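Okay, structure first, notes after.
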Amino acid sequence: TAKFADHLTSAIMVCSGSEANDIALRMAQAVTGKTGIIATDMTYHGNTAAVSQLSIRKPPIGGYTPNVRHVPAPDCLRGLSAADFTMHVEAAIADLQTTEHGVSGLIICPFFANEGFPTLPDGFLDGAVAAIRRAGGVIIADEVQPGFGRIGTHWWGHEKLGITPEIVTIGKPMANGHPVAAVVAGLETLAAFRGAFGYFNTFGGNPVSCAAAMAVLEVIDNEGLVENARMVGDYALNRLRVLQDKHPVIGNVRGSGLFFGAEMVLDDAMTPASNFTAKVVEGMKARGILLGRLGTKYATLKVRPPMVFSRENADLLIDTLDAVLTETPVTP
């Protein structure tokens, strides 16, 4: 908790990010007395029954529960302004307030990772956050992907985004993949949760997991891995931008620290090159480099390497990507 703002003083230990987000939803309910929750339409927050309702990738059998609302995800290539995003959130709030559910909160990844980590202007979320709080809701920041200094400029994604959430969730990076995770909030929020729900976790916070998590914190600090993320990430992004001049299919290069990538497009209208991107991912895998793809139509390459990633590793990545892009036909 020393890595968080002063109001985030307490934590509940669990074993996975899915569990953490499931608890965060219930915390929001306990604090507000409401159940309505808002998420973006391209997000992912885990795989419990409640949390899986937040994703539209695999619609739940039987449909979505009536307390969930999805809003359009930010997109830096096709124009969704802060005012537009705020308007969509306000519309979702108004809709929920006509039901018995009301508004408990907004849950976001503060790097909008699965949305394709779009480059957003300062203050992008200010209007949406203000609208949620006017409605009596809270902000939940899912830091499973951007947290622990990965973005290079800040320890947490919500710091870079400039928001102050009431609840933060963290997951597997907390112990370098060992099964430990946590929900961090103020003491009053945790007390409200404990008062409303009978919760325990057999393995959450066990001594082995806590030792692993402490070791990770020490290594990140002692080995300067946040600064490494910034320096190597900047280097990799610069090399990607050079590659963009050579390969017009790269419509946009973006990211921060060791969380970066490129969106592939078919034309000047920024039509997502989904099938091409899938072929690039397979071509990279055939050469021993694992990438993901996400964002609009799954046309954005996602690079999220280990925090010890080096300039030499970045060179291998970019050189291999150059070769794969050269030999892969650009087709719809």
Side-chain angles (χ1 to χ4, degrees), residues 21 24-25 28 32 34 36-45 51 53-57 64 67-99 101-147 151 153-154 156-169 251-252 254-256 259 261 263 265 269-270 272 294-300 302:
N21 284 322
L25 296 184
T32 64
K34 308 295 183 180
I37 188 70
I38 301 169
T40 81
D41 61 3
M42 284 196 294
T43 194
Y44 174 78
H45 295 288
V51 172
Q53 291 279 333
L54 303 172
S55 174
I56 67 169
R57 296 182 178 193
Y64 291 98
N67 65 312
V68 176
R69 297 292 182 275
H70 297 102
V71 297
D75 187 328
C76 60
L77 278 191
R78 296 162 194 89
L80 181 73
S81 68
D84 292 334
F85 187 77
T86 301
M87 178 187 67
H88 288 298
V89 170
E90 289 174 338
I93 291 170
D95 189 26
L96 284 169
Q97 287 177 329
T98 66
T99 72
H101 305 294
V103 178
S104 70
L106 169 70
I107 181 168
I108 59 161
C109 164
F111 199 60
F112 292 101
N114 287 286
E115 294 85 345
F117 47 94
T119 303
L120 302 175
D122 292 343
F124 181 88
L125 267 192
D126 291 355
V129 168
I132 291 291
R133 289 181 174 149
R134 283 196 302 271
V138 300
I139 305 300
I140 302 169
D142 178 348
E143 291 280 0
V144 171
Q145 294 203 64
I151 56 177
T153 58
H154 299 78
W156 305 112
H158 65 265
E159 294 174 316
K160 183 178 180 67
L161 195 58
I163 63 172
T164 54
E166 284 79 18
I167 302 168
V168 178
T169 58
N252 185 254
R254 56 183 181 259
S256 181
F259 201 146
E263 184 165 356
V265 299
M270 299 299 167
L294 34 66
T296 302
K297 304 295 185 181
Y298 296 93
T300 299
K302 170 191 176 185

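Just so it is clear, the model here is predicted, and its values are computed rather than measured.
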How would you list, by chain and number, every residue that makes a side-chain contact (heavy atoms from CB on, under 4.5 Å) with [X], sequence neighbours excluded?
{"X": "Asn67", "answer": "Thr35, Ile37, Thr65, His101"}
{"X": "Ala82", "answer": "Phe124"}
{"X": "Glu90", "answer": "Thr86, Ala131, Arg134"}

Minimum heavy-atom distance between [X] and [Y], given as atom pair plus value:
{"X": "Arg254", "Y": "Gly116", "answer": "NE-O, 2.9 Å"}
{"X": "Ser256", "Y": "Ile151", "answer": "OG-O, 2.7 Å"}
{"X": "His45", "Y": "Cys109", "answer": "CE1-N, 3.8 Å"}
{"X": "Ala135", "Y": "Gln97", "answer": "CB-NE2, 3.6 Å"}
{"X": "Ile38", "Y": "Ile132", "answer": "CD1-CD1, 3.9 Å"}
{"X": "His158", "Y": "Val168", "answer": "CE1-CG2, 4.0 Å"}

[atom2] on [Y] to [atom1] on [X], rounded to 0.5 Å:
{"X": "Glu143", "Y": "Phe111", "atom1": "CD", "atom2": "CZ", "result": "11.0 Å"}
{"X": "Thr164", "Y": "Glu159", "atom1": "OG1", "atom2": "CD", "result": "11.0 Å"}
{"X": "Arg57", "Y": "Met42", "atom1": "CZ", "atom2": "CE", "result": "8.5 Å"}
{"X": "Leu77", "Y": "Thr300", "atom1": "CG", "atom2": "OG1", "result": "7.5 Å"}
{"X": "Leu120", "Y": "Leu125", "atom1": "CG", "atom2": "CG", "result": "7.5 Å"}
{"X": "Cys76", "Y": "Phe117", "atom1": "SG", "atom2": "CZ", "result": "9.5 Å"}

Side chain to side chain, [X] and [Y], heavy atoms closer than 4.5 Å:
{"X": "Arg78", "Y": "Pro272", "answer": "yes"}
{"X": "Asn21", "Y": "Leu54", "answer": "no"}
{"X": "Asp41", "Y": "Pro72", "answer": "yes"}
{"X": "Phe85", "Y": "Pro74", "answer": "yes"}

Of Ile139, Val138, Ile107, Leu25, the residue whose pairing with Ile167 passes side-chain contact (heavy atoms from CB on, under 4.5 Å): Val138

Lys34 NZ: over 12 foreign heavy atoms closer than 6.0 Å: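 Not more than 12 within 6.0 Å, no.
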
Main chain of Gly137, side chain of Ser104: is a donor-acceptor contact present, judged purely on distance under 3.5 Å? no

